[in-house]
Structures are given as structure tokens and as C-alpha cells.
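Before any comments, here is the structure.
Both counts, for ligands and for their atoms, begin at 1 and track the order of listing. Along the sequence shown, residues are numbered consecutively beginning with 1.
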Amino acid sequence: MADLTSHPDEVKVISQRFGKGAANIDRYLELDGYKAVQKALGMSADDIINEVKNSSLRGRGGAGFPTGMKWSFVPKQSAKPKYVLCNGDESEPGTCKDRLILEHDPHAVIEGVMIAALSIGAKVGYIYIRGEYRYLSIIMQKALADAYAKGFLGKNIFGSGVDLDVYWHGGAGAYEVGEESALMESLEGKRGVPRIRPPFPAVVGLFGGPTIINNVETLAAVPPILHNGAEWYAKLGTPKNGGTRLFCLSGSLNKPGVYELPMGYPLPKMIYEVGGGIWKGRKIKAVTPGGSSVPILTADEIDLAMDFDTLQKAGTFLGSGGVIVLDDQTCIVRYALRTIKFYQHESCGWCIPCREGTDWLKKSLTRFHAGGGLMKDIDNMTYLAENMLGRTFCPLGDAAAMPIISMTKKFRSEFEAHLEGRPCPYEKAGTPQQLPVLA
Ligand SMILES: Cc1cc2nc3c(=O)[nH]c(=O)nc-3n(C[C@H](O)[C@H](O)[C@H](O)COP(=O)(O)O)c2cc1C
Ligand code: SF4
């Protein structure tokens, strides 16, 4: 079997079965599969939740919310059915980890959903996979069918007397539907726009019933936690940031890829050792540490431990774990333009600050990058983005605004250089930009 370990510092928890054929249910069983859920069947709901709480597992979808605490918010008694929803809509630029889990270890995701369901007394779970991941949907559908065929799902699972169904659901391809309330709308067959909160999904979620929604990677971490114990998992990371994380390294690196490293791993080491350093002998200009929606770091700001709390203190976020490295010949204005084009395209149009703000920013940055900018545009773009912050229905507005604000503020001189050296000075110098700008 392929050894997919690429660096000695990798700690294989989520990726322990990658390359080992575990999409096959018999192979998954040989590799300790479905043992954790059988253990969970012998535990009380509170004990499962406490185990996950003690592991310090935090959501890998972006916000880093403590998983066990989220599960504990679900009311014990409910007139409506409860649900578990696995968020496999992975679309954040720079993030490509859930796809590997769904491809190499789909049963770990199913098992995570099952344990989550036992912890809240849900009888139904859904695994929602983005439309573009069609090949992964096929893998997941087969994995679910195999689990039913073995009696692990359906009536009386593992002969325990418990009934539990888990279904696959495919998306139609919209970044916004990764937002948990829009995901529920989509799953209910409606247009994928967010819901106003409160009420929160733990109380009123899918079809009006209490619902927990977790990312693919979060749920895939649950079976190893139950199997090996909360303390073991917590100790792999740092206090309040248990375990490991699949970090997606991309951009100007010699060895881009997805690496499983302990939470709190030093960012410089991640870039220079794990990622093989900056390509073509260049220097770092900036790093986006948690997917395209988080504030950018300058080269002088990267001496950080990669956990949720440290990055927040540094004014950015660990987000979805997508680390994008920019070298000294990458144009920040072009990067800002490429970023806002994505958010403008993916804005669902529901609220004005996001719908109009992303469009104005795209137009301004397009003109600016092409050499038609004015000095006052830099402040105007910053002001516009700052006025989007916190004024939208869902965090997509913030996700679009935050990186732009950080770029206009931290790299102002580079914006100004576009005024003196019209058009883009990097293109003028004959350096082709690595980031394609789509229409
Ligand atoms: C615009 C937008 C897109 C999102 N996309 C995803 C996604 O693709 N996958 C994901 O797990 N979470 C995504 N999230 C976060 C979810 O709303 C939610 O917080 C997450 O699924 C909770 O799971 P966790 O606690 O395991 O992180 C997105 C949020 C926003 C605002
Ligand atoms: S912030 Fe953007 S994506 Fe979110 S509801 Fe408003 S328009 Fe839609």
C-alpha cells in the first residue's frame, strides 16, 4: 500500500488510512473500523459528549467552535426528530482536505456521523457533498450501501436495538451553501440562502428539528477519539486545541500538499520545512493562513503557532486550514482582485452590503490593477470593505471584506506602486503572475 507520509512531523490520525484501500468496508473493518461506534453504543449520550468535550476537538469547518459543547446544546427532549448533518460542501479557496477524507476514508465520516447521532439521540443523519465532488458522492453512496448491507445502518444497528439511517445528499455547486443554515435550506429543497438566527440549529434546525452540523474532518476525528481516548487526542495538540489538523499548503511552495500536523505547529516550519520552502529561490511576501477569507499576514508576522487562539490574537484566523503562500514577485493587488472575484461570484445576493459591496470592490480592483486607479481609491476600497463587516446576514460578507481590508492596509505601498507604474508593475517587469484572473 502507498505510504502517503510526506514529512516526519506528520501525525496520522485523520489520514491514518489514506492510501490503504479503506473505502472498501472490509478493509476498513480490518483497520479497526466501526469499533468506535460499537463502543459508543455501550456508552450513555452524556459520556460520549463528555469524551468529545475532553478531547478539545474544535470544528474544522472554519470557526473552530468546540465540538462537544456544540453537541451539548441539543435539547435532550424534543417533539421533533433530531438530525446530524455532515458538511461536505468544501469550497473555500485554498482548502482541499475534506475531499481526501471522503475519497480515502468515507466510512470514518459515516462512523463519525453515527457517533454524533448517538450522542444526541438522532435517528437520521445526512452527508451533504458539494455538487462538484461528483466522484466523491459515488464513493460515499457505495460506502453507505455497504454499511447498510452489513447491518451497521438501518434497523437495529449492530444488534443494539437502535435504529439509525444515514443518507447522502448532493449539492448543486454553491460556496454559500457551505454556510450551515443555507446548507439546511438547500437540503430541504429550497434556494440556498441563510436563515436568520436565533434560533440556532441545535434547537431549530433541519426540518425544524434540533440539528448538529459538523465539518467532514471534525466528524472523521470522532472515531479515533472514542477509540483511543480523549486524553490521547487532546495531548496531540495544544491546550484548548486538541489533536491534529489537515493543513492544505499551496501557493509559491516547493512541496505544496495536504499534511496532517499537530495543532499548534509553527507556521514558519510548516512553510520552510514541510512545504519545502519558497519556490525558485524567492522570498515570502505574505501568507493567508486559513483559507482565502481570512486577513493576510505579512512576511514579518508569520512567527505563529497554528492554532485557533494564537491566530485570532494575531488578528487573523485558522479558518479552514488552507495556508496560501505568496512570494515576493506576486502582485498583491492582483491577489486581492482574484479573491474578490470569487466572493462576488459566490455572493447569494440576499443582502445589499455583500451583493453590492463585492461587486463594487471587484470593479474598483479591476480598474486599479489595470492602471486606472486613483490614490483615493485605496481609502475608498478600505472604507467600503469596512462597512460590509458585521452588516450582512451571514459571514460571507465578512469573508469577502476581511482579506481586502488587510491587503489595502498592510500592502498600501504596493497599491500605490500601481499608480506610479501603471499598469501592474509586476507584469511590467515581465513577471507572469501565477494566479489566473478569471473573467
Ligand atoms: C460562506 C460560508 C461557507 C462555508 N463553507 C463551509 C464548508 O464548505 N464546509 C464546512 O464544514 N463549513 C463551512 N462553513 C462553516 C459552517 O457554517 C459551519 O460553521 C461548519 O460546518 C460547522 O462545522 P464545524 O463546527 O465542524 O466546523 C462555511 C461558512 C460560511 C459563512
Ligand atoms: S452575506 Fe452575502 S452570501 Fe451571506 S446572505 Fe448576504 S448576500 Fe448572501
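Inter-residue side-chain proximity for Phe73 and Val203 is flagged as unmet; no heavy-atom pair is nearer than 4.5 Å. Between Val193 and Glu176 the shortest side-chain heavy-atom distance does not fall below 4.5 Å. A 4.5 Å side-chain heavy-atom check between Tyr28 and Asp105 finds at least one atom pair inside the cut-off.
For Ser320, no heavy-atom contact with ligand 1 is shorter than 4.0 Å.
Closest non-hydrogen pair, Asn54 versus Ala234, comes out as O-CB, 3.7 Å. Across Val323 and Leu267, no two heavy atoms sit closer than the pair CG1-CD1, 4.1 Å. Closest heavy-atom contact between Lys123 and Val162: NZ-CG1, 4.4 Å. When every heavy atom of Val258 is checked against every heavy atom of Glu10, the shortest pair comes out as O-OE1, 4.3 Å. Residues Val177 and Asp89 share a closest heavy-atom pair of C-OD2, 3.6 Å. Ile340 and Ala400 make their closest contact through CD1-O, 3.8 Å (heavy atoms, listed as atom of the first residue, atom of the second, distance).
Remark: among candidates Pro66, Gly178, Ala63, Gly171, the nearest residue to atom 28 (C) of ligand 1 is Gly178, based on non-hydrogen atoms. Taking all heavy atoms of Asn214, Asp398, Asn215 into account, the minimum distance to atom 11 (O) of ligand 1 is reached by Asn215. Of all the listed residues (Lys70, Arg60, Arg130, Glu179), Glu179 holds the heavy atom that lies closest to atom 3 (C) of ligand 1. Nearest to atom 7 (C) of ligand 1 by heavy-atom distance, out of Asp98, Thr392, Asn87, Leu57, is Asn87.
For the residue pair Asn214 / Trp71, a side-chain donor-acceptor distance below 3.5 Å is found, with atom types taken as modelled.
Using cut-offs of 30° and 60° for the angle between ring planes, the His169 and Tyr126 rings count as perpendicular. Between Phe18 and His104, the ring-plane angle classifies as parallel under the 30° and 60° cut-offs.
Taking every heavy atom of Gly59 and a limit of under 4.0 angstrom, the matching atoms of ligand 1 come to 24 (P), 25 (O), 26 (O), 27 (O). For ligand 1, the atoms closer than 4.0 angstrom to any heavy atom of Ser91 are 8 (O). Atoms of ligand 1 found under 4.0 Å from any heavy atom of Pro395, numbered from 1 in the order shown, are 31 (C). Applying the 4.0 Å criterion to heavy atoms of Gly397 picks out, from ligand 2, the atoms 1 (S). Those atoms of ligand 2 that come under 4.0 Å of a heavy atom in Thr392, given as number and element, are 1 (S). Those atoms of ligand 2 that come under 4.0 Å of a heavy atom in Ser347, given as number and element, are 2 (Fe), 7 (S). Atoms of ligand 2 found under 4.0 Å from any heavy atom of Phe393, numbered from 1 in the order shown, are 5 (S). Below 4.0 Å from some heavy atom of Glu176 lie the following atoms of ligand 2, by number and element: 3 (S), 4 (Fe). Of all the atoms in ligand 1, the ones that sit under 4.0 Å from a non-hydrogen atom of Ile213 are 22 (C), 23 (O). Every atom of ligand 1 is numbered from 1 in the order shown, and the set under 4.0 Å from a heavy atom of Glu90 is 8 (O).
The aromatic ring centroids of Tyr259 and His7 lie 6.0 Å or more from each other. Under the 6.0 Å cut-off for aromatic ring centres, Tyr265 and Phe247 do not qualify, their centroids lying 6.0 Å or more apart. Between Phe342 and Tyr175, the ring centre distance stays below 6.0 Å.
The nearest heavy-atom contact from the protein to atom 26 (O) of ligand 1 is Thr218 OG1, 2.7 Å. The protein heavy-atom contact nearest to atom 2 (Fe) of ligand 2 is Cys354 SG, 2.3 Å. Looking only at heavy atoms of the protein, atom 27 (O) of ligand 1 is closest to Gly61 N, 2.7 Å. Protein heavy atom closest to atom 5 (S) of ligand 2, with residue, atom name and distance, is Pro194 CG, 3.3 Å. For atom 8 (Fe) of ligand 2, the nearest non-hydrogen atom of the protein is Cys348 SG, 2.3 Å. Atom 4 (Fe) of ligand 2 has as its closest protein heavy atom Cys394 SG, 2.4 Å.
The distance criterion of under 3.5 Å between nitrogen or oxygen atoms is met by Glu180 with respect to ligand 1. Taking only nitrogen or oxygen atoms, main chain and side chain alike, Cys394 does not reach within less than 3.5 Å of ligand 1. For a threshold of 3.5 Å applied to N or O pairs, the pair formed by Glu176 and ligand 1 contains no separation below that value.
Coordination check, Cys351 versus atom 8 (Fe) of ligand 2: failed, since every N/O/S atom of the residue sits at 2.8 Å or beyond.
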